[in-house]
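Only one structure is covered here, and it is reproduced in the block below.
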There are 2 protein chains.
Amino acid sequence: MRISDKHSKITQAAVKVFARKGFFNARISDIAKEAKVADGTIYLYFNNKYDILISLFEDEIGKIILQVKLLLEEESDPGKKLYIFALHHLKLLDKKKDLAEVLQMELRQSNKFMKEYRNTKFIEYIDIISAIIHQGQEENIFDPTVAPGIAKRAIFGALDEMSRLWVLDENPPYTIEETAQQLSNLFLKGLTL
Amino acid sequence: MRISDKHSKITQAAVKVFARKGFFNARISDIAKEAKVADGTIYLYFNNKYDILISLFEDEIGKIILQVKLLLEEESDPGKKLYIFALHHLKLLDKKKDLAEVLQMELRQSNKFMKEYRNTKFIEYIDIISAIIHQGQEENIFDPTVAPGIAKRAIFGALDEMSRLWVLDENPPYTIEETAQQLSNLFLKGLTL
DNA sequence: TCAAAAAATGAATCCCTATTCATAATGATG
DNA sequence: CATCATTATGAATAGGGATTCATTTTTTGA
């Protein structure tokens, strides 16, 4: 087994366990068992428990960024880009519920922690939104008085809050498509000149 | 000292300690020291550590709900109500940074936990938003095709994400008023017919 | 003023688990 | 096949901290 295989085997196990029990209640031995390795083996690939969390966060967000940027390249209209972004975000986290739970946790887990560790991957992700807004403003489609730095957070916050529905509720009252449609309409009307 | 005084003394201490260290890293002895009581005393008022968290959450959200409902009574225009809600939310959490950190944490801390404990106070809070939207739709001011159940979460998510700025950043790039203005404009345009 | 009840104390208990490390297994090389 | 290097193992360590409870302090009311 290649080294990277074991690394990702542990990461995937950690996603499941963190989602099931939360970061603090997850035991290293739980992750080890889930990954079918010995407890000690984990420390050959990660420095400590926190390191697993950060590492998985960066890896997974990194993958998501690549995917969505690729998707957005196909489209030029900023309004449609916004819809694509929203739909992709919701779809992805619906498909990967475990990951969704962990990302939501990680983002808030400990603000102390977030302060120190400059979360560049996360910033890169939400900056995709502000780039779209900026583009729309350049092209005189979007209202130039809207602050992209506020709107990007508003949009991300809205998506994130909605995706909690799918994480927490067995039978969410809305479909993914309906939600993406509603949200992007709402923000599009809000952004348009 | 009346019983309720000691209860709230412990609650207030817990807010500070949870904000400083996070729930899991906070020790009961830290809270006891902050509240100037013995460790054991805490167990005369709360069943366990979790109970402190839930209890403080309900108490504080309860107070906020009362405040904001009172404020909203003065105003009849749903658009202005939305602005008042946003401004109040941001102002309050800016003034009480510790509380803001704890509420943000609590909301996500453990999704498992959130699933079991039906968080009625939180639901009551965001339902203030959907009531405003509903009113606007009844009065033919807001677009009837907007789903209040989605919009309420979008608006709350946006506010919550923005308030993280003040919690995490020493020098936030926007003022409270500017942010409330931008957010309510954004959503107002999105909601209006 | 003085029991009796209520409230508070904090040291001791008891459990939990992240991390380490001596040992074992596996793989590579000539 | 023999040797060295790499990788994996999991029992033992080591420390932390939530909760309990026997004891002390404070309050109540007769």
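Letters A, B, ... are given to chains in the order of the sequence lines, protein chains preceding strands, and every chain is numbered from 1.
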Show every donor-acceptor pair shorter than 3.5 Å between a side-chain atom in residues 145-154 of chain A and any protein atom, with sequence neighbours excluded, or say none if there are none.
residue: A/T145; atom: OG1; partner: A/D143; partner atom: OD1; Å: 2.8
residue: A/T145; atom: OG1; partner: A/D143; partner atom: OD2; Å: 3.1
residue: A/K152; atom: NZ; partner: A/D127; partner atom: OD1; Å: 2.7
residue: A/R153; atom: NH1; partner: A/G149; partner atom: O; Å: 3.0

For this session: Between protein and nucleotides 15-24 of chain D, map the contacts as a letter string: B base, S sugar-phosphate only, - none, heavy atoms under 4.0 Å, written 5' to 3'.
Result: --SSBB----
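Rounded to whole Å, the distance from CD1 on B/I42 to P on C/dA7 is 17 Å. Here the P atom of nucleotide D/dG10 and the CG atom of A/L44 are 13 Å apart, to the nearest Å. In this entry the distance linking CD1 of A/I31 with P of D/dG10 reads 17 Å, nearest Å. To the nearest angstrom, C1' of C/dA18 lies 10 Å from CD1 of A/I52. Here the C1' atom of nucleotide D/dG10 and the NZ atom of A/K36 are 18 Å apart, to the nearest Å. To the nearest angstrom, P of C/dA7 lies 15 Å from CZ of B/F46. Look at OH on A/Y45: it is 13 Å from P on D/dT6, rounded to the nearest Å.
Taking five base pairs at each end of the helix from C/dT1-D/dA30 to C/dG30-D/dC1 and finding the rotation axis that steps the C1' atoms of four pairs onto the next four gives two axes whose angle is 10°, to the nearest 10°.
Among residue pairs with one or both ends in residues 174-193 of chain B, those qualifying as ring pair (Phe, Tyr, Trp, His ring centres under 6.0 Å) are A/F187-B/F187; sequence neighbours excluded. Judged as a salt bridge (Lys or Arg N to Asp or Glu O under 4.0 Å), the pairs with a partner in residues 67-77 of chain A (not counting sequence neighbours) are, in order, A/K69-A/E124.
If you look at B/F122 and B/F156, their ring centroids are closer than 6.0 Å.
Annotation: side chain to side chain donor-acceptor pair (under 3.5 Å) contacts of B/E34 (sequence neighbours excluded): B/R20. In this view, A/D30 and A/K21, A/R27 satisfy the salt bridge (charged side-chain N to carboxylate O under 4.0 Å, His left out) rule, not counting sequence neighbours. For the ring pair (Phe, Tyr, Trp, His ring centres under 6.0 Å) test, no residue two or more places apart in sequence or in another chain qualifies with B/F142. Under the ring pair (Phe, Tyr, Trp, His ring centres under 6.0 Å) criterion, B/F46 pairs with B/H7, not counting sequence neighbours. For B/F18, the ring pair (Phe, Tyr, Trp, His ring centres under 6.0 Å) criterion is met by B/F23, not counting sequence neighbours. By the side chain to side chain donor-acceptor pair (under 3.5 Å) test, A/T179 pairs with no residue at all, sequence neighbours left out.
Judged purely by atom type and a 3.5 angstrom limit, B/K16 has no side-chain atom pairing as donor or acceptor with the backbone of B/A35.
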Between the protein and nucleotides 24-26 of chain C, list the N/O to N/O atom pairs that are separated by less than 3.5 angstrom.
none

